Every structure is written in structure tokens, then in C-alpha cells.
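Predicted model only: the values in this text are computed from it and were never measured. The first residue of the sequence shown is numbered 1, and numbering continues consecutively from there. Note: hydrogens, waters and symmetry copies are ignored here, and every other heavy atom, side chains too, is used.
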Amino acid sequence: FLDPPQQLPRVVDALASFTKGGHIAGPIFHLDKTKFKVNSIMAVNKPGGHIRMVGNLKAPIGQSFSEGIPEDKKKDWPVLMTIVYQFAKMIVNGGQGAFMACSDLKDVYKMFPVTLEQRRLQAYSFCGALFIELKLIFGDKLTCQYFDKLH
């Protein structure tokens, strides 16, 4: 269990960092919050005792961001994760002398801006201010397929 008051400086730091990076617009005080889907922010434990601040797209139940995604959209461009057996088979099929490489892009989904309509669904409220995600967000069930289509 993470103590919410202890996480407040991390929330501030995460919002400031993403705002400085151009991924989030804010703090905004002049817009009507009722015109936005305001998602909650939560702290998640990471290996090594670190904490990551993330948008909680699964709450509140019955009105969450994730529940608003039509099922047919999820089937539009299915993205499947490779399982260990498939990966091992690729290695064997590569043959002797084959070269394998892997890379990881930091904030990979933040490479793609979203439409104004989508931004309306990607908001947070903190200390009376509105913060709006300007790019794809981790946790959106369609982000992986958008990245797969566009990368």
C-alpha cells in the first residue's frame, strides 16, 4: 500500500516532467472540466523500490476511460504478444551466425500526438488545475495497435 500524502511530490514531479517534455498541457485553470474525461492518477511500485506515476484508466468502474473503448475497435488491428516458445523458435530458425538485437524506446508512445477529440478523454485534475495528455498514453487499450500501425 502506497501512502498517498507521501506520493504527492512524485505526482508533482511527474506532471512537471511530462509538461516540460511537451507530453502534457497544463496547469490549465480556465477550461470547463465537465467537458473532459478526468482520469485519476496513481502510484505503482516498480522493481528496485522505485515508484511510477500513471493515469488510472480503469476507474471509476462503469465510467472509466478503458470501458469507453468500443469492442470492435479492439478487434480492428489485433496485436499479439510473442510467447517464449515462439521466440525460441525464431532463435533456432535464425541459424548459426544469425544476429539478434533488441532496443527499447523511452516514452515510445509519446512520439505520437492525438487528435483534439482524443485529448478530451485524456485529462487529469490536480490541485484545481487541469492537465491534458497531448500524445498516446500507456494504458489506452488501443495505443499498442496505433503504435504498431504507425511506427
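- The side chain to side chain contact (heavy atoms under 4.5 Å, CB included) search around Phe87 returns Thr82, Ile91, Met100, not counting sequence neighbours.
- Pairs passing the salt bridge (charged side-chain N to carboxylate O under 4.0 Å, His left out) check and including a residue from residues 79-92, sequence neighbours excluded, do not occur.
- When each of Leu15, Ile137, Ile132 is paired with Ile24, the side chain to side chain contact (heavy atoms under 4.5 Å, CB included) condition holds for Leu15 and for no other.
- Every residue two or more places apart in sequence or in another chain that forms a side chain to side chain contact (heavy atoms under 4.5 Å, CB included) with Glu117 is listed here: Thr115.
- With a 4.5 Å cut-off between side-chain heavy atoms of Ile, Leu, Val, Met, Phe, Trp and Tyr, the cluster of Phe99 takes in none.
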Quiz: residues 34-41 side-chain donor-acceptor pairs under 3.5 angstrom, not counting sequence neighbours:
unit_1: Thr34; atom_1: OG1; unit_2: Asp32; atom_2: OD1; d: 2.6
unit_1: Thr34; atom_1: OG1; unit_2: Asp32; atom_2: OD2; d: 2.9
unit_1: Lys37; atom_1: NZ; unit_2: Gln63; atom_2: O; d: 3.3
unit_1: Asn39; atom_1: ND2; unit_2: Lys37; atom_2: O; d: 3.3
unit_1: Asn39; atom_1: ND2; unit_2: Leu121; atom_2: O; d: 3.0
unit_1: Asn39; atom_1: ND2; unit_2: Ala123; atom_2: O; d: 3.3

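- The side chain to side chain contact (heavy atoms under 4.5 Å, CB included) search around Leu134 returns Ala25, Arg119, not counting sequence neighbours.
- Residues passing the ring pair (Phe, Tyr, Trp, His ring centres under 6.0 Å) test with Tyr124, sequence neighbours excluded: none.
- Residues Ser125 and Lys33 approach most closely at OG-NZ, 3.2 Å, considering heavy atoms.
- From Leu8, atom CG reaches atom CG of Asp13 across 12.5 Å, with rounding to the nearest 0.5 Å.
- Residues meeting the side-chain hydrogen bond (donor to acceptor under 3.5 Å, both in side chains) test with Ser17, sequence neighbours left out: none.
- The two atoms that bring Glu133 and Val114 nearest to each other are O-CG2, 4.3 Å, heavy atoms only.
- With sequence neighbours left out, Lys58 forms a side-chain hydrogen bond (donor to acceptor under 3.5 Å, both in side chains) with no residue at all.
- Taking the side chain to side chain contact (heavy atoms under 4.5 Å, CB included) definition, one finds that Ala129 meets it with Pro27, Phe29, Phe131, sequence neighbours left out.
- In this structure, CE on Met111 lies 10.5 Å from CG on Leu136, to the nearest 0.5 angstrom.
- Side-chain N or O atoms of Glu67 include none that pairs as donor or acceptor with a backbone N or O of Ile61 at under 3.5 Å.
- Partners of Arg10 under the side-chain hydrogen bond (donor to acceptor under 3.5 Å, both in side chains) rule, at least two apart in sequence or in another chain, are Gln7.
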